[in-house]
2 protein chains.
Amino acid sequence: MATLKQVAAHAEVSVQTVSNALNAPHRLRPDTLQRVTKSIELLNYRPNRNARSLRTSAVELIGYCVPSWPDGQAHLVMDQFLHALCTAAETSGRHILLFTAPVGVEGMPVYEDLHARRLVDGFVLSQTETHDPRHGWLKEQQIPFVSFGRVWKETTQPGPYVDVDGAGGCAAAVRHLHETGRRRIAFLSWPKTSGLAEDRLSGWRAACRELGLPTDASLAVRCLEDTIDQGARATAELLDADPGVDAIVAISDILALGALRELTRRGLTAGVDVAVTGFDDSPLASVVSPALTSIRQPMDQIATELIDILTTPATPGVSTERLLQPELVIRGSSAPG
Amino acid sequence: MATLKQVAAHAEVSVQTVSNALNAPHRLRPDTLQRVTKSIELLNYRPNRNARSLRTSAVELIGYCVPSWPDGQAHLVMDQFLHALCTAAETSGRHILLFTAPVGVEGMPVYEDLHARRLVDGFVLSQTETHDPRHGWLKEQQIPFVSFGRVWKETTQPGPYVDVDGAGGCAAAVRHLHETGRRRIAFLSWPKTSGLAEDRLSGWRAACRELGLPTDASLAVRCLEDTIDQGARATAELLDADPGVDAIVAISDILALGALRELTRRGLTAGVDVAVTGFDDSPLASVVSPALTSIRQPMDQIATELIDILTTPATPGVSTERLLQPELVIRGSSAPG
DNA sequence: CTGAAAGCGCTTACAG
DNA sequence: CTGAAAGCGCTTACAG
């Protein structure tokens with residue numbers, strides 16, 4: 001493995017000059033630069049990142065805690081997110097370091113340790129929970145971070161974030177359903193304790209009101225778990241109580257799949273008799289039949305913004321609170337043919 | 001941020017002694033050790049990993065290339081795998097570094113670069129393909145790696161691997177179905193070009209023969225894509241051609257879900273009229289109704305073995321080719337009630 | 001059991 | 001535009 005020193009000897013310049021050739025090429029005379037570059041290639045030289053990091057005290061590594069899930073709960077878009085995050089990090093010359101940590105405040109010593117030992121420069125948080133304690137903790141410790149997702153039920157956000165406008169997404173789904181002739185649109189939701197659920201629900205309610213559609217309490221159903229069974233059961237209750245329902249906006253693809261199953265069981269055709277939409281545009285959406293209309297989070301953009309915020313020094317006038325618009329992907333479950 | 005030097009000054013010993021307190025505590029007199037330990041805690045000292053790595057030229061980081069998937073293809077157990085891999089790495093004092101790379105041999109410069117710049121000590125490969133070029137390339141470059149999955153259609157494996165006995169898993173599924181009274185067991189597979197598919201298929205065939213069950217060519221159906229639609233279509237063809245089929249072993253959970261859908265469509269009850277099994281025990285398996293019997297890969301053990309092989313110096317007599325047995329998780333789709 | 005010293009491979013003021 | 005030198009924070013023979 002060649003070192004700076006060897007390259008310098010080979011090119012007959014000082015190590016400083018080789019370093020400059022790599023990090024500030026404009027400082028070299030073109031002929032010197034070319035000579036040095038040639039030696040670098042010839043010796044197949046690669047700067048040792050550890051030496052560099054030791055000197056600059058920047059490791060160009062970003063920590064991300066791999067979520068762990070209760071049994072049967074899937075994170076169907078995690079591979080999309082990780083891929084996007086990784087790509088965005090690489091575009092800025094960085095990489096993602098994965099780690100595990102206990103949920104909540106118990107996990108914070110792990111974050112602190114990784115940062116103190118200089119394994120990472122900062123963190124990307126996700127799976128933000130209502131009253132998530134991590135953000136405030138990291139802020140207090142002055143450890144750099146950015147959050148994918150707002151901290152719900154806080155008056156002010158405890159740090160920079162990127163998030164998707166769930167209310168906007170659900171409102172767009174309602175408008176699409178209205179345009180295609182639906183007039184009694186139900187909402188399949190999660191428990192009230194979820195800030196995420198309340199956000200999305202509010203989008204459904206606002207859009208329905210705007211369009212003069214009903215928003216009876218009975219049209220908004222809560223599922224305790226994010227499973228197909230729960231989605232199917234809630235749909236059954238909904239249709240039993242109110243046979244006039246002609247569309248269902250589900251807060252997740254999984255619940256939407258449950259709705260589709262219940263429709264099939266009743267001999268109804270999704271997209272014809274009752275329209276259904278999901279959320280996340282997970283791989284499942286395009287794999288069922290009819291394919292599921294779903295609200296897609298712009299993963300690449302999310303990842304780019306996260307890395308941008310984390311790696312750009314705070315600039316007055318540049319907001320570090322960014323709300324992105326999701327995209328409604330229309331398929332057969334809401335628009336047959 | 002405290003340094004070794006500061007801790008040494010505080011404890012009134014040399015830096016060497018502090019270093020020993022951390023890395024070889026048995027070398028210190030108990031009272032010295034205690035004094036040093038106290039100073040470490042008091043100053044909240046954490047060794048700088050970059051300095052250590054520069055000195056020892058080991059970064060304790062393992063590279064893993066995040067797979068990217070064609071649209072609609074999900075990797076439903078990737079989060080389980082990553083979580084297990086991360087945990088196993090941490091148990092050995094290491095971490096996972098994520099990166100992206102082009103598929104096949106085009107990606108190799110990325111691997112080489114990461115290793116040359118000392119961002120990682122070695123690699124864990126997965127998503128092994130038939131005639132995968134990566135293994136041989138890394139071996140030639142003497143870059144440490146271990147593979148999750150054999151390289152199919154090679155006579156000898158080009159390096160250490162951990163894999164799951166797909167044939168054994170499918171054979172276990174067949175035996176379970178036979179025990180519960182099934183006598184005409186079909187197999188839902190992928191194209192012949194997939195070594196993985198041939199392995200699993202061979203287990204189905206061997207177990208059927210052993211039990212005196214039919215293995216007609218018409219009982220083994222190929223699906224071109226791993227989608228629910230394809231699984232449903234193949235199941236329809238199968239049942240049309242051979243109404244006597246009373247069980248289906250599917251090579252993936254997705255295809256199994258397709259089979260379940262087709263059974264429902266025909267008014268048949270999965271687990272009663274026709275038994276169905278899947279592969280991977282993905283989160284989907286427990287989310288459908290009836291829940292899906294599936295062949296579970298032992299992710300924690302896989303991850304532990306991978307990290308063990310990668311971090312243990314080659315020892316004569318210790319095999320670095322490890323084939324693990326999957327576990328059949330029995331649910332309603334093959335055993336109602 | 002403990003200490004003084006060299007060196008891992010870089011970057012960066014500073015001087016010429 | 002280029003070079004000599006210090007130093008980032010560790011580990012590790014070596015000597016006492």
Side-chain angles (χ1 to χ4, degrees), chain A residues 1-40 43-61 93-94 113-121, chain B residues 1-40 43-61 93-94 113-121:
Chain A
M1 205 84 276
T3 67
L4 251 200
K5 212 170 164 181
Q6 291 169 319
V7 176
H10 186 270
E12 299 182 304
V13 294
S14 72
V15 290
Q16 150 86 308
T17 300
V18 182
S19 181
N20 279 339
L22 256 24
N23 302 318
H26 60 273
R27 289 199 199 153
L28 302 207
R29 245 182 8 227
D31 58 323
T32 316
L33 181 56
Q34 209 201 332
R35 203 166 77 244
V36 174
T37 307
K38 212 169 176 181
S39 296
I40 288 176
L43 299 178
N44 192 25
Y45 168 72
R46 304 309 158 75
N48 180 314
R49 193 63 160 264
N50 297 119
R52 179 177 213 282
S53 295
L54 176 57
R55 191 54 239 248
T56 64
S57 80
V59 282
E60 326 247 280
L61 248 35
R94 293 172 177 80
D113 192 58
L114 287 170
H115 184 257
R117 289 155 67 204
R118 313 281 30 234
L119 265 91
V120 302
D121 295 324
Chain B
M1 206 84 275
T3 68
L4 251 200
K5 212 170 163 182
Q6 291 170 318
V7 176
H10 187 270
E12 298 182 304
V13 294
S14 72
V15 291
Q16 150 84 309
T17 299
V18 182
S19 182
N20 278 338
L22 257 22
N23 302 318
H26 60 272
R27 288 199 199 154
L28 303 206
R29 248 188 358 233
D31 58 324
T32 316
L33 180 56
Q34 209 201 331
R35 203 168 76 244
V36 174
T37 306
K38 212 169 177 179
S39 296
I40 289 176
L43 299 178
N44 193 25
Y45 168 71
R46 301 312 156 74
N48 181 314
R49 192 61 159 267
N50 296 119
R52 180 176 213 281
S53 294
L54 175 57
R55 191 53 240 249
T56 64
S57 80
V59 282
E60 326 247 282
L61 248 35
R94 292 173 177 80
D113 192 58
L114 286 170
H115 184 257
R117 288 156 68 204
R118 312 285 27 235
L119 266 90
V120 302
D121 295 325

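Here is the naming used below: chain letters follow the sequence lines, and residue numbers restart at 1 for every chain. Predicted model, so just to flag it, every value in this text is computed and none were measured.
Going from atom CD of A:Q34 over to atom C1' of D:dC1 covers 17 Å, rounded to whole Å.
You'll find the side chain of A:N48 stays beyond 4.5 Å of the side chain of A:T3, heavy atoms only. No side-chain heavy atom of A:R94 sits under 4.5 Å from any side-chain heavy atom of A:L61. The side-chain heavy atoms of B:R49 and A:L114, taken from C-beta on, include no pair separated by under 4.5 Å.
Remark: A:L33 CG to A:K38 NZ distance equals 13.0 Å, nearest 0.5 Å.
Residue A:R52 is tested with A:V59, A:L22, A:N23 for a side-chain contact (heavy atoms from CB on, under 4.5 Å); the sole match is A:N23.
Searching all strands for a Watson-Crick or G-U wobble partner of D:dA4 with both distances below 3.5 Å returns nothing.
If you check every strand for non-hydrogen atoms under 4.0 Å, A:T32 touches sugar and phosphate atoms only.
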> Can you give one letter per nucleotide of nucleotides 8-16 of chain D, going 5' to 3': B for a protein heavy atom under 4.0 Å from the base, S for sugar-phosphate only, - for none?
Replying inline: BBBBBB---
